[in-house]
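Notes follow once the structure below has been shown.
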There are 2 protein chains.
Amino acid sequence: MTKRQANATTADTREKLMRLAARAFGTQGYAATTMRGIADQAGIEAASIYYHFSSKEALLDAVMEHGAQSIFAHTQARIAALPPGASAEQRFRAGLLGLFSAMLKYGDYTLAHGRQLAELPDKVRERQIKRRAQHQDFWHGMLEDLHTEGGLREDIDIALCRVFILSTITSVQTWFNRKKSSPEKVVDELCTILFEGVRPREVRKPARRAQAVAS
Amino acid sequence: MTKRQANATTADTREKLMRLAARAFGTQGYAATTMRGIADQAGIEAASIYYHFSSKEALLDAVMEHGAQSIFAHTQARIAALPPGASAEQRFRAGLLGLFSAMLKYGDYTLAHGRQLAELPDKVRERQIKRRAQHQDFWHGMLEDLHTEGGLREDIDIALCRVFILSTITSVQTWFNRKKSSPEKVVDELCTILFEGVRPREVRKPARRAQAVAS
DNA sequence: GTCTATAGATTGATAGAC
DNA sequence: GTCTATCAATCTATAGAC
């Protein structure tokens, strides 16, 4: 309300640096990313970054926290936007779509977040391990609700089910093509596979199957 | 047959270096891994590595190729070991188990192979992109065979199905616990989810589901 | 085959002017 | 807030002895 013109504020620069750093960390890795490289893209000198962040590690930490928090908040917002009394399956589907679209919306941060944890400095890594555990617990709870509601077979391993879903969606940047499909359609197809399975229910081609086995 | 004692041969040293490098690249990333670090673990000096590999990049390239080739060969061997005339589903399941166990058997290489491609030097990255495409084509073919045999519903997107399976299995190092389960059991459970889906077939608790939707 | 020694380049970070 | 200048550390890679 006070000032917001071509005049770049400290907060703006800080945000720009984080976004550029996120992309660099995500595409090149933490160690391969240089402060000079980030500074070049921001149009400033490397030394100037240290006015906003005390070290390369502090910059990484800010990027990782901001990314994880943004993605998780976006997911939960989608669920919260459902009408009250929504079923567990509706909440589950809304959550998946929320996570999926968040992975795309915060693409730069997604890449950074998706990197192997082992590469990160100890402090940052430990925080991210906790974050990841919280995220998994959240989805574990979603699946338990689904189970309680009667939407999950008794013989299904919830942990494996969670891996199935999350490994697919969190790797979305490596396979999703915006021009070929939409998040809504993909999540719907994903849920069809997950809930209904891929095997045809009515047996219409027993001959072909028998033939293949025999030949 | 000529010599194989405490006397380390060139091939032995080369292999040891590759294994140590694979683990280092996989856990720390390419840029963060130093030749000194690898040499320390091998019990030699950094300069000595250059007798076996012309550069750090050449070492990486050897590691990536050896890993990818080992894992793929192991997968295909499992399929080839099936009795002749095995069904597409049997081949599919054998392939999954082969890939799963290969990911564990070549654990050090798996980590290196699983890293984001963007981090790698251009030459190595391009080779790995081709490798990855070949691997995806292979599994695409497996799913098409399954479809031809009548084991796949018409409305299932094969590409999405492939992502579903491969993203789960190739991330196995991040979630599989040898002490809690076995590769055979996990692959079996995975196939149950994939083929049959997770939703109960007989509707036994309509009251509960209706209640949840209504309240 | 492995060593010692070192060249040559790059990096994260600081000091102080403006 | 951003700059210039620079330091100290670390890295890949090479040269040549053994």
Side-chain angles (χ1 to χ4, degrees), chain A residues 2-25 27-64 112 119-125, chain B residues 2-25 27-64 112 119-125:
Chain A
T2 49
K3 49 178 175 179
R4 179 62 60 96
Q5 226 76 10
N7 198 336
T9 67
T10 298
D12 287 341
T13 304
R14 194 184 145 90
E15 194 177 19
K16 181 201 282 185
L17 286 172
M18 283 177 63
R19 186 167 35 80
L20 293 172
R23 171 168 294 181
F25 290 151
T27 55
Q28 307 164 357
Y30 175 67
T33 299
T34 68
M35 298 296 263
R36 280 176 176 77
I38 297 171
D40 283 349
Q41 296 186 349
I44 61 177
E45 290 300 312
S48 304
I49 297 180
Y50 290 88
Y51 174 81
H52 302 275
F53 299 94
S54 63
S55 68
K56 184 184 178 186
E57 185 172 326
L59 174 56
L60 170 71
D61 199 33
V63 164
M64 297 294 280
E119 186 186 358
L120 309 177
D122 289 352
K123 279 188 182 177
V124 183
R125 184 174 68 242
Chain B
T2 48
K3 50 179 176 180
R4 179 60 59 97
Q5 226 75 11
N7 199 337
T9 67
T10 299
D12 287 341
T13 304
R14 195 184 145 89
E15 193 176 19
K16 181 202 281 185
L17 286 173
M18 283 178 63
R19 187 167 34 80
L20 293 172
R23 170 167 295 181
F25 290 149
T27 54
Q28 308 164 357
Y30 175 68
T33 298
T34 67
M35 299 297 260
R36 277 180 178 78
I38 297 170
D40 283 350
Q41 295 185 349
I44 61 177
E45 290 300 312
S48 303
I49 298 181
Y50 291 86
Y51 173 80
H52 301 275
F53 300 93
S54 63
S55 69
K56 184 184 178 185
E57 186 171 324
L59 174 56
L60 171 71
D61 200 32
V63 164
M64 297 294 280
E119 187 185 359
L120 308 178
D122 289 352
K123 279 189 182 178
V124 183
R125 185 175 67 242

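Letters A, B, ... mirror the listed sequences (proteins, then strands); counts begin at 1.
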Separation of Ile38(A) atom CD1 from dT11(C) atom P, in whole Å? 12 Å
Quickly work out the Asp40(A) CG to dT2(D) P distance and round it to whole Å. 15 Å
Flag, side chain of Thr13(A) to backbone of Thr9(A), donor-acceptor distance under 3.5 Å: yes
Beyond-backbone contact of Glu57(A) with Asp61(A), side-chain heavy atoms, under 4.5 angstrom: no
Taking atom P of dT14(C) as reference, at what distance in whole Å does atom OH of Tyr51(A) sit? 16 Å
Could Lys56(A) and Tyr30(A) be counted as a cation-pi pair, given that NZ or CZ must be under 6.0 Å from the ring centre and within 45° of the axis? yes
Rounded to whole Å, CZ of Phe53(A) lies from P of dT2(D) at a distance of 12 Å
Between Arg14(A) and Phe53(A), is any pair of side-chain heavy atoms under 4.5 Å apart? yes
Worked check of side-chain contact (heavy atoms from CB on, under 4.5 Å) between Leu60(A) and Thr33(A): CA-CA 10 Å; Leu60(A) 170 71; Thr33(A) 299; over 6 Å; no
Just wondering, do Arg19(B) and Val63(B) contact through their side chains at under 4.5 Å, heavy atoms? no
Determine, for nucleotides 3-18 of chain D in 5'-to-3' order, which nucleotides have protein heavy atoms under 4.0 Å from the base (write B), from only the sugar-phosphate (write S), or from neither (write -). BB-B----BBBB----
